[in-house]
**Q** 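Can you keep this structure in mind? I'll have questions shortly.
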Amino acid sequence: MTKFSSLRGESLLQTIQYALLLAFVVLLLRAIYSVFIYPFIASPLRRLPGPPLGNPLLGVFLPIAKSEPGVIQRDWVKEHGPLLRAVGPLGVERLLVVKPADLDRILVTGWLECPRPDFMKNVLGLVAGYGLLTVTGDEHRMMRKVLNPAFSIQNLMSQTELYYEPIEILINRLKTLIKEDTACTGAKQFPMYNWMSKVTLDIICQTAFGYDCNSLSNPDNELAVAYENLLKLQSNETNAKLVCVMLLPGGPALLRSEWGYRHRHWFNKIPGLSPVATMLTCVRQIRSICAQLLARKIQETAGVGAVDTASKKDIMSLLLRARASGDSAKDTGGYRMEDHALIEQMLTFLGAGHETTASGLSWALWLLASHPEAQSKLRAEVSSIVSSNPRPDYRTLKDLKYLDGVVLESLRVLPPVPVTNRISGTGFWLNDVWVPKGTLFCLPIRAINTWKEVWGDDAEEFRPERWHDLPQGYNSTFSFLSFLAGPHGCIGKTMAVMEMKAILALLVANFEFRPAHEGQLAKPTATITMKPADSMPLLVRALSS
Ligand code: HEM
């Protein structure tokens, strides 16, 4: 009996060994097929034009990593046309799509079949909360329906006044620092990205949560410090490391879990992965501040402390009032945003609404500094308005034509999000090309915004006037894609444009901006957003009022 069971045990062990060996061989063959055979001879996309396949293990990874964000994609479009294939590491194919009809298929008519890829949702969720940026389908539709009223024109109009306190603090701080400068030249060099990051953080805290963060005057503010530490981590390298951890089986769940957070110090022991531990710490700090702010808001909305909540214009107060009255649930078939989901949205607004706008403003200031004639024209337009009304309202800002051109043109030429991705959840025909399930789409925003076929030969130049006489081929949805388009297009677009206008109008009316030194070049770098690697040093001269 014992001999019989030991024989059975041995043959079971042998069977397991054979099964494991077989599984290994199958996986190996599959990997060899995907990397070395499929993209070269079997893929239905292989006949599309595109850059050379290069090393099968790395694909186009190195040229992308070495190039300025969005520029290599632009060069490929120039060389190979508006629908091309590039093969990334391990044979993963991506389609670059530029033509309006193709973008419409991916972003609008077929948006449900083309969601954000998992690695993108996981990275966005980790740094900007598991809110609107990470959901899709019905959940997204309902969430967006609940949030839309907070971004309505009517609400934005009533919020515009909230921008001005932080902007005035910024202007006074810059003026004081220029005056205190021992060189006394009337001008001083400032890392403008850092200042734009502070003012936009203070504005989003006011407009989204009614919270006075005041990072401009109080650099020790807990939220400001956590954000500063998080932003310091941003680099191509950190992004690549984070994506690698996210691609490991169980990686996203580990980073999201309480266990992962408690054992985050282990990342410090793995060479090169310490930024992951710091990132988890910063995001936890930001999340817990959001939870405290929400708890306070819920108390206010319940009438505790006799606060006049009806007059509060911030997004959170509005969402809580709608939730308490049951209005939001009526329109969304009973969908109710619970507290934990609201905290994730708060993180999303902070992440998506702060750094993007700060980058957009830094690039606008750079373009104005390097185009003094455009800066003078803008000053001529805004100075008289600002001198008679230092806090221009929504309508006044909207009617300033040259300011409008400057904001749109800088977002077109140097978009804060230079490239984004989607994935095909099912196989489908795109024109006459069969796109297999699982194909990555690279939407090269910077290349689309400067596509010569639409914008003409001077497409890459900064020329705000072009917005007053748009080219014939201009498509109002797909030729300027800085905020993307379709159901996942930026919910904060109008808010961001208004905020940029208010800040630029007041800055240009009060200061002159020049390059920090002769021959200065912009140094864009990107993780998720494209920001200046050197924090955009500019020479700032205070203008006499
Ligand atoms: C200049 C400033 C901004 C730029 C360039 C920008 C750009 C974008 C882009 C390109 C997307 C789509 C990303 C993708 O799906 O791949 C997006 C989505 C989003 N943005 Fe913005 N954004 C800006 C400001 C804001 C502001 C101020 C807020 C909110 C306060 C905001 C909130 C969001 C949210 C929640 C989404 C996800 C929308 C959805 O999936 O339904 N953004 N933004």
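Worth saying up front: this structure is predicted, and the values here are computed from it rather than measured. Whatever order the structure lists ligands and atoms in, that order sets their numbers, starting from 1. Just so you know, these numbers use all the heavy atoms, side chains as well, and skip hydrogens, waters and symmetry mates.
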**Q** Any heavy atom of Gly489 closer to ligand 1 than 4.0 angstrom?
**A**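 Right, Gly489 reaches ligand 1.
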**Q** Examine Arg94 relative to Phe441 and say whether NZ or CZ is less than 6.0 Å from the centre of the six-membered ring and inside a 45° cone about the ring axis.
**A**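 No; the conditions do not both hold, so Arg94 does not lie above the ring face of Phe441.
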**Q** Say whether Thr348, considering both its backbone and side-chain N or O atoms, lies within less than 3.5 Å of an N or O atom on ligand 1.
**A**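 No, there is no polar N/O contact under 3.5 Å.
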**Q** Pick one: which of Trp467, Trp455, Trp451 meets ring pair (Phe, Tyr, Trp, His ring centres under 6.0 Å) with Phe480?
**A**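 Result: among Trp467, Trp455, Trp451, Trp467 is the only option passing the ring pair (Phe, Tyr, Trp, His ring centres under 6.0 Å) with Phe480.
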**Q** Verify whether one side chain among Ser215 and Asp202 offers a donor that lies under 3.5 Å from an acceptor in the other.
**A**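 The answer is yes; a qualifying pair exists.
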**Q** Considering only protein heavy atoms, which is closest to atom 29 (C) of ligand 1, and at what distance to one decimal place?
**A**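 Protein heavy atom at minimum distance: Phe151 CE2, 3.9 Å.
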**Q** One thing to verify: whether Glu113 and Lys437 come together as a salt bridge, which I'm taking to mean a side-chain N less than 4.0 angstrom from a carboxylate O.
**A**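 A salt bridge is absent here (no side-chain N lies under 4.0 Å from a carboxylate O).
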**Q** Quick test of your reading of the model: are Asp102 and Lys99 salt-bridged, counting only N-O distances below 4.0 Å?
**A**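 So Asp102 does not pair with Lys99 through a salt bridge.
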**Q** Using a 3.5 Å cut-off on N or O atoms only, is Arg144 in polar contact with ligand 1?
**A**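 So ligand 1 has an N or O lying under 3.5 Å from an N or O of Arg144.
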**Q** Between Glu381 and Lys401, is the closest basic N to carboxylate O distance under 4.0 Å?
**A**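 A salt bridge is absent here (no side-chain N lies under 4.0 Å from a carboxylate O).
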**Q** Between Asp339 and Arg323, does any side-chain N to carboxylate O distance fall below 4.0 Å?
**A**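 A salt bridge is present here (some side-chain N lies under 4.0 Å from a carboxylate O).
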**Q** Any heavy-atom pair between the side chains of Gln206 and Gln159 that's under 4.5 Å?
**A**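 With C-beta onward as the side chain, the pair stays apart.
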**Q** Identify the closest protein heavy atom to atom 30 (C) of ligand 1: which residue and atom is it, and at what distance?
**A**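 Protein heavy atom with the smallest distance to atom 30 (C) of ligand 1: Ile204 CD1, 3.5 Å.
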**Q** Name the option, out of Met120, Lys121, Arg141, His488, that contains the heavy atom nearest to atom 40 (O) of ligand 1.
**A**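 Checking each option, the heavy atom nearest atom 40 (O) of ligand 1 is found in His488.
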**Q** Would you say the side-chain atoms of His354 pair up with the backbone N or O of Ser197, donor to acceptor, closer than 3.5 Å?
**A**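 Yes; judged by distance alone, with no hydrogens or angles, the pair exists.
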**Q** Checking a contact table here: which protein heavy atom is nearest atom 37 (C) of ligand 1, and how many Å away?
**A**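 Nearest neighbour among protein heavy atoms for atom 37 (C) of ligand 1, to 0.1 Å: Leu133 CD2, 3.6 Å.
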**Q** Determine whether the side chains of Lys297 and Ser317 contain a donor N or O and an acceptor N or O closer than 3.5 Å.
**A**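 Checked: Lys297/Ser317 side chains pair up, N/O donor to acceptor below 3.5 Å.
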**Q** Provide the number and element of each atom of ligand 1 under 4.0 Å from a heavy atom of Pro416.
**A**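 Atoms satisfying the 4.0 Å criterion: 5 (C).
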**Q** Any heavy atom of Gly131 closer to ligand 1 than 4.0 angstrom?
**A**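 The answer is no, since Gly131 has no heavy atom less than 4.0 Å from ligand 1.
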**Q** Applying a heavy-atom cut-off of 4.0 Å, say which part of Arg422 lies close to ligand 1: side chain, backbone, both or neither.
**A**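 It is the side chain that touches ligand 1; the backbone stays farther off.
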**Q** Atom 16 (O) of ligand 1: which protein heavy atom is closest, and how many Å away?
**A**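 Atom 16 (O) of ligand 1 sits closest to the protein heavy atom Thr420 OG1, 2.4 Å.
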**Q** Can you report which non-hydrogen protein atom sits closest to atom 10 (C) of ligand 1, along with the distance?
**A**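 Protein heavy atom with the smallest distance to atom 10 (C) of ligand 1: Ser482 O, 3.3 Å.
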**Q** Taking Arg466 first and then Glu409, would you say they form a salt bridge - that is, a charged N and a carboxylate O separated by under 4.0 Å?
**A**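 Looking at Arg466 and Glu409, the cut-off is met.
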**Q** Judged by non-hydrogen atoms, does Glu499 sit under 4.0 Å from ligand 1?
**A**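 No, Glu499 has no heavy atoms under 4.0 Å from ligand 1.
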**Q** Scan the side chains in residues 487-507 for donor-acceptor partners under 3.5 Å anywhere in the protein, sequence neighbours excluded, and list what turns up.
**A**
unit_1	atom_1	unit_2	atom_2	d
His488	ND1	Arg116	NH1	3.4
His488	ND1	His140	NE2	3.2
Lys501	NZ	Asp404	OD1	2.7

**Q** Got the closest protein heavy atom to atom 13 (C) of ligand 1, with its distance?
**A**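 Going by distance alone, atom 13 (C) of ligand 1 is nearest to Arg116 NH2, 4.1 Å.
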**Q** With a cut-off of 6.0 Å (strictly less than), are more than 12 heavy atoms of other residues, nucleotides or ligands near CD of Glu68?
**A**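 Enclosed: over 12 neighbouring heavy atoms sit under 6.0 Å from CD of Glu68.
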**Q** Taking NZ, NE, NH1 and NH2 as the nitrogens, is one of them in Glu465 or Lys377 under 4.0 Å from a carboxylate oxygen of the other?
**A**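 Yes, charged N to carboxylate O under 4.0 Å.
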**Q** Under 2.8 Å from atom 21 (Fe) of ligand 1, how many protein N, O or S atoms can be found?
**A**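 Step by step: take atom 21 (Fe) of ligand 1, keep protein N, O, S below 2.8 Å, and you get 1.
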**Q** Under 4.0 Å, heavy-atom basis, I'd like to know which part of Ser359 is in contact with ligand 1: side chain, backbone, both or neither.
**A**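 It is neither part, as no heavy atom is under 4.0 Å.
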**Q** Just which atoms of ligand 1 are under 4.0 Å from any heavy atom in His140?
**A**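 The list of qualifying atoms is 39 (C), 40 (O), 41 (O).
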**Q** Heavy-atom contact under 4.0 Å between His354 and ligand 1?
**A**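 No.
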**Q** Is the backbone of Glu344 close enough, under 3.5 Å, to the side chain of Thr348 for a donor and an acceptor to pair up by distance?
**A**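 Confirmed, Thr348 side chain pairs with Glu344 backbone.
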**Q** By number and element, which atoms of ligand 1 are closer than 4.0 Å to a non-hydrogen atom of Pro487?
**A**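 Near Pro487, meaning under 4.0 Å from one of its heavy atoms, ligand 1 has 41 (O).
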